[in-house]
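Here is the structure we will look at, set down as structure tokens.
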Amino acid sequence: MMIKYERPISLAARWARRIARLAFGLFVAALLAHRFGPLATPNFVALSALSAGLAALAVVLAIIGFVRLWQVAAVGGGASFAALVYAVVPLGTAGYALSEYFSKPAIYDVSTDPVTPPPWIKPPNAPQGWLKRSAEVTPADREAQVLAYPALTGRRYEGALDRVFQGVKTVAEQNGITIVAQEGVENAEADLEDMAVKPADAAPADSDPDDVPIPLSRPEIVTGEMPPDRRSSDILLQGEWRTLIIGLRFDVLIRLREEAETTFVDMRVASRYGGHDLGLGAAFADQFLHALDAELLGIAGD
């Protein structure tokens, strides 16, 4: 007489697959709604945390399913494996975010000039939701930035302001920065003093030497209520940038300042939501400045 062995079924493995599918679907839906739809970042973070929690529960149940498979040969090995595969994406994203959160300083605003950072043309304003942050960047935040990113500094170029300005606009477009406000763009136009004098405007060689124009005093430049970190000759470009995959929003400000025969470029990047940018702001600023170096190759100074 033939005895047929009935293998038990692991309910833990089956539930692990169901919950992992739910976690994966929730994360993908939240990601698409945040990247291409109206879902705000605080809501996206909350849904991502929920999906990561569900994925962690699925992993625990999947491990139980593997244990039952080993002990009593319970059916459910495939379901447990599928649960682990589904859980990789939400858990991997949450794990990366946590590692950056604890390894990077808790700051949301970085600048290549931590002493006098470029001032915003339009101060960023967005509803923070439950991702609260301090309204002002403190000196302690700037000190933390300097300690964490000592190589994040501005760039000096041995070129005219208009040439560097064109390079900045080109690199900004290539890096997905949408310009929303600008000031001082007229400073990039060629000075009248540098323009060639037309022959018709030149004084005739046989003119009466007695008709010499009387030089007048230089007119005073009225600066008004300009802040101490802003000069009348500066060019400010403010824009918005989003990360490629998740679509996290950042505000970007670029300052060009002409100094003697050189042009100095500073940059400021601030996360729009929350008090921690996970190091993305400094990484983007460094990426942008290296791209600007390549665009202006041959005129870079110290």
Side-chain angles (χ1 to χ4, degrees), residues 41-42 45 97-126 128 131-157 164 168 171-172 175 177 179-184 223 225-243 248-259 262-293 300-302:
T41 298
V45 174
L98 287 175
S99 66
E100 294 297 297
Y101 183 87
F102 290 108
S103 63
K104 299 294 191 304
I107 56 178
Y108 67 89
D109 187 310
V110 297
S111 174
T112 57
D113 186 351
V115 179
T116 56
W120 299 108
I121 301 175
K122 299 178 179 179
N125 185 19
Q128 299 296 302
L131 287 178
K132 301 295 183 181
R133 73 182 186 191
S134 60
E136 300 293 334
V137 180
T138 64
D141 295 333
R142 295 302 183 195
E143 292 178 4
Q145 174 202 317
V146 173
L147 291 176
Y149 315 111
L152 186 60
T153 58
R155 295 290 198 274
R156 186 182 303 278
Y157 298 99
V164 178
V168 166
V171 176
N175 283 266
I177 298 178
I179 302 299
V180 297
Q182 56 187 13
E183 282 188 2
T223 59
E225 298 297 330
M226 189 168 297
D229 51 0
R230 172 80 165 90
R231 298 181 186 173
S232 61
S233 60
D234 289 350
I235 294 179
L236 297 180
L237 297 177
Q238 183 170 334
E240 300 175 354
W241 171 73
R242 303 188 70 181
T243 57
L248 298 175
R249 296 179 181 273
F250 285 78
D251 293 289
V252 180
L253 193 132
I254 306 168
R255 178 176 66 193
L256 293 84
R257 175 170 291 176
E258 194 169 28
E259 298 177 351
T262 64
T263 301
F264 201 86
V265 179
D266 276 312
M267 192 170 185
R268 183 176 183 179
V269 183
S271 173
R272 186 168 294 182
Y273 298 95
H276 202 305
D277 66 355
L278 306 180
L280 295 174
F284 176 72
D286 186 68
Q287 169 191 325
F288 179 91
L289 293 173
H290 277 86
L292 186 59
D293 291 341
D302 54 357

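None of the values given here were measured: they were computed from a predicted structure. Counting from 1, the numbers follow the sequence of the chain as shown.
A donor-acceptor pair is defined here as one N or O able to donate and one able to accept, closer than 3.5 Å; such a pair exists between the side chain of D277 and the backbone of G279.
For the pair I235 and R255, the minimum side-chain heavy-atom distance is 4.5 Å or more. Side-chain contact between Y157 and V265 is present, with at least one heavy-atom pair separated by less than 4.5 Å. Under the 4.5 Å side-chain criterion, counting only non-hydrogen atoms from C-beta, T243 is in contact with F250. Residues R268 and W120 have side chains in contact (heavy-atom distance under 4.5 Å, counting atoms from C-beta outward). Between F264 and R155 the shortest side-chain heavy-atom distance does not fall below 4.5 Å.
Every side chain to side chain contact (heavy atoms under 4.5 Å, CB included) that D141 has, sequence neighbours left out, goes to I107, V137, T138. Residues satisfying the side chain to side chain contact (heavy atoms under 4.5 Å, CB included) test with A97, not counting sequence neighbours, are L278. Applying the ring-ring contact (aromatic ring centres under 6.0 Å, His included) rule to F284 yields the partners W241; only residues at least two apart in sequence or on another chain are considered.
Between V269 and A285, the closest heavy-atom pair is CG2-CB, 4.0 Å. For the pair A291 and N175, the tightest heavy-atom approach, listed with the atom from each and the gap, is CB-ND2, 4.2 Å. Residues Q182 and I179 approach most closely at OE1-CG2, 4.4 Å, considering heavy atoms. Nearest approach of P42 to Y273, heavy atoms of both residues: CD-CD2, 3.8 Å. Taking every heavy atom of both residues into account, P150 and T153 meet most closely at O-CG2, 4.1 Å.
Considering OG of S233 and CD of E259, their distance stands at 8.5 Å, rounded to 0.5 Å. Within the model, atoms OG of S271 and CZ of R133 stand 6.5 Å from one another, a figure rounded to the nearest 0.5 Å. Rounded to the nearest 0.5 angstrom, H276 NE2 and Y101 OH are separated by 6.0 Å. With values rounded to the nearest 0.5 angstrom, T112 atom OG1 is found 6.0 Å from L152 atom CG.
When each of D234, D113, D266 is paired with R257, the salt bridge (Lys or Arg N to Asp or Glu O under 4.0 Å) condition holds for D234 and for no other. Exactly one of V110, L253, L237, V252 qualifies for a side chain to side chain contact (heavy atoms under 4.5 Å, CB included) with M267. That residue is V252.
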| field | side chain to side chain contact (heavy atoms under 4.5 Å, CB included) evaluation trace for F288 with I254 | value | CA-CA 10 Å; F288 179 91; I254 306 168; 3.5 Å; yes
| side chain to side chain contact (heavy atoms under 4.5 Å, CB included) between V180 and K122, worked out | CA-CA 9 Å; V180 297; K122 299 178 179 179; 5.6 Å; no
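Using a 4.0 Å cut-off between charged side-chain N and carboxylate O, D109 and R142 make a salt bridge.
Neither side chain, D251 nor Q238, offers a donor N or O lying under 3.5 Å from an acceptor on the other.
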